[in-house]
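Note sheet for the following structure.
Chain naming here is simple, since letters A, B, ... match the order of the sequence lines and numbering starts at 1 in each. Because the structure is predicted, anything quoted here is derived from the model rather than measured.
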Amino acid sequence: MFLSRRAKEAIKTALAMAIAYYVALSMDWPNPHWAGFAVAAISLSTVGQSLNKGLMRMAGTLLAAAFSLTLIALFPQERWWFFVVLSAFIGYCTYRMAASERQYYWHVAGFVAAIVCMSSIPPTDNAFNIAVLRILETGVGILSYTLVSVLLWPSDTRGELAAAVRELTATQHALYGRYVQLLRGGGDPSETLGLRMQEVAQFNRFKAALAAARTDSYEVWEVRRQWQQALALAEEVMVTLEKWRESFTEVQTLELGALLPGIDDAAAEIDARMTGIGRLLEGPSPDRRPRALTLPWDREAVGSLSQFQKAALAVLRNRSLELERTTRALFETIADIQGLGPASERSAAPTPSPRLRVIDRDHLAAALRVMLGLWVAYLLWIYTEIPGNTAFVIMLAPFGMALATRPMVPVMAVFVPAISGIAFGSLLYIFVMPHLAGFAALGTLLFAVSFAVCYVFHTPRQALGRTFGLMMFVLVAGISNEQSYSFLSVANTALMFPLVFAILALTANVPFSARAEKVYLRQLSRFFRSASYLLTTMPWGVTTKPSRLARWRMAYHRGEIAGLPQKLATWGKAVDVTTLAGTTPEQIQALTTTLQALSYRLQELLDARESPQAEKVVQELLADVRAWRLRLQEVFDAWSRETAAESAQHLREGLDARLAQLEQRVAETMNRAAEGELDDADRERLYRLLGAYRGLSEAGLNYAIAAEGIPWGAWRESRF
Amino acid sequence: MNLIPSEFVIGGVYFPPMLIAGLLGTAAAWLTAQLLNRYRLSRFFAYPPLVLLALAVTYTVLLATFVIPG
């Protein structure tokens, strides 16, 4: 019998659902739909993925049970304190959910706490039973799905992991090839955009496949540390490739072959090792191992360059060496995974300096929104006759947490599948279920419905529809050993959800509009405020010593600068350009790319600033750097108030004059320095710093050019 | 104007008048918001989400008082 994979997966979920219900009903447990929920939530395409999610669901349930019982014991008769602590816990889980790798664990911990706490009032004496039942039935659901997927058409994730990493490294290799072409003055930079987006998607697939394969494949588990390192290195290669590309603009006019005689050899070596990584992943050992590169300068040729050209070359060289180091480390790690062992001594990655823990503002806002929604629901439940009673407050938690951590998803995108699931479940509940007798008939219905839902919503994109379809069906059906049928319970459930989503839609707009273009503008403003603040920190260590609070503020703004371009890219895709006449998706994409470049350049400058400079250089350049910094700070301040306040032309004039002055001062300092006063390392650090100044100015100009073409008036206009 | 409380009957199911007024009020507010967007009148509001909520409440109260009294 040849069944498609789609049919097999649907059969597995349907069978697990029927078994989970059978066990829960035969044990005479109340709320057997909790076992059904667990099956619906963890049904994914491989054993590893499902088991991983199942384990997180179980761990989250245990945490929630322990928290809930403690809370009920502490505040059995104090409803306000009880809910203050409960909402704070759910808020904390939402914050962690948005920030953590174990997103599902925190999600489950939050909403199960709401279920156990709210289901046990009043009275509170059955709280322990509810918590234990929830744990038991979640366990039955996970066990049922795991057993079915292990015994029936098992599929592990090892193959998927290998395919994911092979595709990622192939894309990185192709991207590297294109960048080499760009460096040599050929190719079109816009052609690489598709590859870059593909690279990010493949990296995420690699990450998900690794998390799953660690659980379902012993071979992967054995070398999990190496796999984790390979994942980190693949990400590092991704970032380094982008930084490397960013450094091309200023060296386009230079004769690179003469200045860095080993550059062609280095390019060929990196290309060969990327081919080697691909071969290693296919099985046979590669015929050659990577060798370390040094990329020396030709002192005579470099001596004839201007100071800024030397600086740009220093930046390119630095980033090329970084790329060399990361690709070599990736090769060695993959060789280690394949059992070949690292032939050469592993190049140790530089340990990043420890950073202070800072709060992410968007994650905090998500947590506060969930807490606000919970309080609105709680007050409505206490002071009015709300449909669903405590279930009304409970339902706010899972949906609120899911929506708050993905604010760009419109509430309607979740509301429609939820309401469709209720309508579907209601029809079965009213017209089909009263005709059933015994588990044979009920089990057949459960199997048929689960199969149909999973078969129809089979693609990963339809996962939301699948989960909601199954969950709403088991929720509305309310199956128990003493089955009763009540139209009122269906009507109340159907009415409860629009109210839950109305609260979510309202809280999403507190305190500011949730429209994508408005969020984009606010984040853009935050980006420049942080950039401006970071520029003010530049004299640190030279003229002033920062306090602990000031260092914490700096860490916060560095976090903003590093994280906001990614958030802006996500929000940029959600902007509805049909309402913004004169704006195209390409313009938003281009603007986001310039912000990413600006972020890299600013981070580069701050890193370069942290390396110790020779005292003489610091004193000589202080005044000129200050003039340049103040001008840029002024521009960033203006951009934080109004998106395109400073025109590219005006900006260029102001910065060019200051940079020319700075370049001249650097040349004078170098020439005046007595023999032995500045060594090679001092000169290199100075060039790196100078390159960072120039790079940041260029990135600012590119932003100004991209921002000028967008009609910001339409973006700022108030809209419903 | 009929001020005697009355329920809505759809297919033998009785619906509270406030529910119907609420649903119609929300729909009317949404429609008004779309029209205000269409004719660029929404730009005169500082905080449109609150205006939408206010419209929904106003329409619901008006409908519940004068059209569907409960």
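When heavy atoms are compared at a cutoff of 4.5 Å, B:L50 does not approach chain A at all. Using a 4.5 Å cut-off between heavy atoms, B:A46 touches chain A through its backbone atoms (N, CA, C, O) alone. B:F45 touches chain A through backbone and side chain together, each having a heavy atom under 4.5 Å away. Looking at B:L53, only its side chain comes within 4.5 Å of chain A, counting heavy atoms on both sides. Interface residue A:F512: only backbone heavy atoms are found under 4.5 Å from chain B. Neither the backbone nor the side chain of A:P387 comes within contact range of chain B; no heavy atom of the residue lies under 4.5 Å from a heavy atom of that chain.
The nearest pair of heavy atoms linking A:L568 to A:Y520 is O-CE1, 3.3 Å.
Contact check on A:R526 versus A:D362 returns a salt bridge, with a Lys/Arg side-chain nitrogen under 4.0 Å from an Asp/Glu carboxylate oxygen. With respect to the salt-bridge test (charged N to carboxylate O, under 4.0 angstrom), the residues A:R716 and A:E517 do not qualify.
Residues A:F497 and A:F399 bring their aromatic ring centres within 6.0 Å. For A:Y429 and A:Y485, the ring centers sit closer than 6.0 Å to each other.
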